[in-house]
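Down below is the structure, laid out as structure tokens.
These values consider heavy atoms only, across backbone and side chains, with no hydrogens, waters or symmetry-generated copies. Along the sequence shown, residues carry numbers from 1. Note that the coordinates shown come from a computational prediction; the quantities given were computed from them, not determined experimentally.
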Amino acid sequence: MLLRDPGLLVFDYTCLMMGFLLFLPRPRRIGLIGLGGGSLLKFCHRHVAGSRCEAVERDARVIALRDAFALPRDDRRCRIHLGDGVNFIKSETDAFDAILLDGYDESGMPARLRSRSFVTACRKALRADGMLVVNVDSNDAGRDAFLANVCRVFEGCVLCVLDEDGGNCVVFAGRRLQRRIGEIRRPAAVDRAGWAQLVPAALRIRAAHDPDGSLRRSQAQSDSEADDG
């Protein structure tokens with residue numbers, strides 16, 4: 001986080017994650033699993049009009065840093081829950097336009113977050129045209145099994161885009177990926193200052209988004225078996 005501008009997205013992978021706005025230009029309700037420094041929540045609260053963000057964080061020590069990280073207070077557009085992200089998602093049905101998962105801790109991504117049962121719960125918690133967006137460490141030993149779970153649950157409608165240095169892979173899943181992006185334009189709900197941060201990532205997402213190729217490859221991958229974690 002930059003102290004002079006706490007709402008700025010410092011890391012490239014967070015800009016990529018917000019690229020879901022290319023497919024969902026007017027999200028109403030956004031779920032965030034894992035709070036961290038709150039970069040995604042702050043961006044949505046500041047730059048995405050009409051959106052309500054609900055973040056779930058299991059570590060009270062992280063939430064205790066809320067003021068230090070300049071996170072907004074709970075209001076009608078923002079709420080931070082102390083609790084288990086898996087249980088929170090499983091309690092929701094047809095509720096979110098987007099679920100953003102960045103659930104790493106010092107041991108990596110917990111097995112419960114990479115399981116097929118959790119990915120299935122995410123799909124049920126999304127609205128029909130909703131999108132799951134996941135940050136995955138490119139060197140994560142369980143990456144391929146997790147991607148296979150996502151591909152199977154979302155029936156091959158999956159797109160993976162690497163960040164600038166290749167250290168993170170951002171995974172998008174949802175049937176809106178079947179639509180072509182076309183000309184890059186500022187999403188309806190995003191203000192100009194927010195969009196300026198996202199343009200380079202948006203261009204890379206469009207370059208990677210090949211419905212006739214990437215979705216076929218994802219469908220093939222979804223035919224492989226994966227452990228449920």
Side-chain angles (χ1 to χ4, degrees), residues 1-57 62 65-73 75-80 96-104 130-138 159-174 176-177 179-209:
M1 181 184 77
L2 294 180
L3 293 177
R4 68 176 183 272
D5 190 357
L8 189 71
L9 294 178
V10 176
F11 296 111
D12 184 59
Y13 86 85
T14 56
C15 292
L16 280 176
M17 290 184 74
M18 290 308 306
F20 80 88
L21 292 163
L22 291 172
F23 306 95
L24 291 165
R26 293 181 182 272
R28 292 170 290 168
R29 189 180 179 199
I30 302 169
L32 301 99
I33 309 303
L35 179 62
S39 296
L40 296 173
L41 185 148
K42 287 183 285 188
F43 183 92
C44 292
H45 191 264
R46 177 187 291 187
H47 298 295
V48 185
S51 64
R52 172 178 171 81
C53 298
E54 295 186 54
V56 185
E57 172 57 54
V62 174
L65 294 170
R66 182 175 194 158
D67 291 340
F69 281 96
L71 291 169
R73 308 311 302 171
D75 58 23
R76 64 181 181 83
R77 293 193 54 232
C78 170
R79 186 175 179 187
I80 297 174
F96 296 101
D97 296 290
I99 296 173
L100 310 184
L101 171 59
D102 188 11
Y104 279 85
M131 183 168 288
L132 174 65
V133 185
V134 189
N135 172 46
V136 181
D137 186 333
S138 295
L159 177 68
C160 303
V161 185
L162 292 175
D163 68 355
E164 285 182 324
D165 64 10
N168 296 74
C169 174
V170 175
V171 180
F172 302 89
R176 280 187 176 246
L177 289 170
R179 306 177 184 181
R180 294 186 181 277
I181 294 176
E183 182 181 353
I184 294 290
R185 295 182 179 180
R186 179 166 58 94
V190 182
D191 63 23
R192 294 184 183 278
W195 179 235
Q197 297 182 52
L198 303 184
V199 169
L203 291 171
R204 293 209 311 282
I205 291 170
R206 184 180 66 176
H209 182 250

With sequence neighbours excluded, residues passing side-chain contact (heavy atoms from CB on, under 4.5 Å) with Val10: Leu2
For Cys15 versus Gln197, what's the shortest heavy-atom pair and its separation? SG-O, 3.6 Å
From Met17 CE over to Leu100 CG, what is the distance, rounded to the nearest 0.5 angstrom? 5.0 Å
Minimum-distance pair of heavy atoms, taken over all atoms of Pro27 and Leu24: CD-O, 3.3 Å
Do the side chain of Arg66 and the main chain of Pro72 share a donor and acceptor less than 3.5 angstrom apart? yes
For Arg79, enumerate each residue passing the salt bridge (Lys or Arg N to Asp or Glu O under 4.0 Å) test, keeping only those at least two apart in sequence or located in another chain. none
Pairing residues for Asp5 by the side-chain contact (heavy atoms from CB on, under 4.5 Å) criterion, not counting sequence neighbours: Leu8, Arg46
Return the set of residues passing side-chain contact (heavy atoms from CB on, under 4.5 Å) with Thr14 (not counting sequence neighbours), or none when no residue passes. Leu9, Phe11, Leu40
Which value, rounded to the nearest 0.5 Å, describes the distance between Leu21 atom CG and Met131 atom CE? 10.0 Å
Any chance you could lay out the side chain to side chain contact (heavy atoms under 4.5 Å, CB included) test for Asp75 and His45, step after step, and finish with the verdict? CA-CA 10 Å; Asp75 58 23; His45 191 264; 3.3 Å; yes
Which heavy atom in Phe23 sits nearest to a heavy atom in His209, and how many Å separate them? CE2-NE2, 3.8 Å
All heavy atoms of Ser138 vs all of Leu162, minimum pair found to be OG-CD2, 3.7 Å
Can you measure from CZ (Arg52) to CD1 (Ile30) and round to the nearest 0.5 angstrom? 11.5 Å
Heavy-atom pair with the smallest gap, counting every atom of Ile184 and Ala202: CD1-O, 3.8 Å
side-chain contact (heavy atoms from CB on, under 4.5 Å) partners for Asp67, two or more places apart: Arg73
Is there side-chain contact between Val62 and Phe69, with at least one heavy-atom pair below 4.5 Å? no
Go through it in stages, so that I can follow the logic: the residues are Phe20 and Leu132, the test is side chain to side chain contact (heavy atoms under 4.5 Å, CB included), and I'd like the CA-CA distance, side-chain angles, deciding distance and then a yes or no. CA-CA 9 Å; Phe20 80 88; Leu132 174 65; over 6 Å; no
Could you pull out all donor-acceptor pairs under 3.5 Å where a side-chain atom in residues 165-173 meets a protein atom, sequence neighbours excluded?
residue, atom, partner, partner atom, Å
Asp165, OD1, Gly167, N, 2.9
Asn168, ND2, Asn135, OD1, 2.9

At what distance, to the nearest 0.5 angstrom, does CG of Leu22 lie from CD1 of Ile205? 5.5 Å
Taking every heavy atom of Arg176 against every heavy atom of Pro25, the minimum-distance pair comes out as NH1-CD, 4.5 Å
By salt bridge (Lys or Arg N to Asp or Glu O under 4.0 Å) - contacts of Asp97 (at least two apart): Arg28, Arg127
To the nearest 0.5 Å, tell me how far Leu32 CG sits from Cys78 SG. 9.0 Å
Tell me, please, which residues at least two apart from Phe43 pass ring pair (Phe, Tyr, Trp, His ring centres under 6.0 Å). His47
Not counting sequence neighbours, which residues clear salt bridge (Lys or Arg N to Asp or Glu O under 4.0 Å) with Glu57? List them please. none
Under the salt bridge (Lys or Arg N to Asp or Glu O under 4.0 Å) test, which residues partner Arg77, sequence neighbours left out? none
Restricting to side chain to side chain donor-acceptor pair (under 3.5 Å), what partner residues turn up for Arg186, sequence neighbours left out? none
Reported CZ-to-OG distance for the pair Arg26 and Ser51, which is rounded to 0.5 angstrom: 12.0 Å
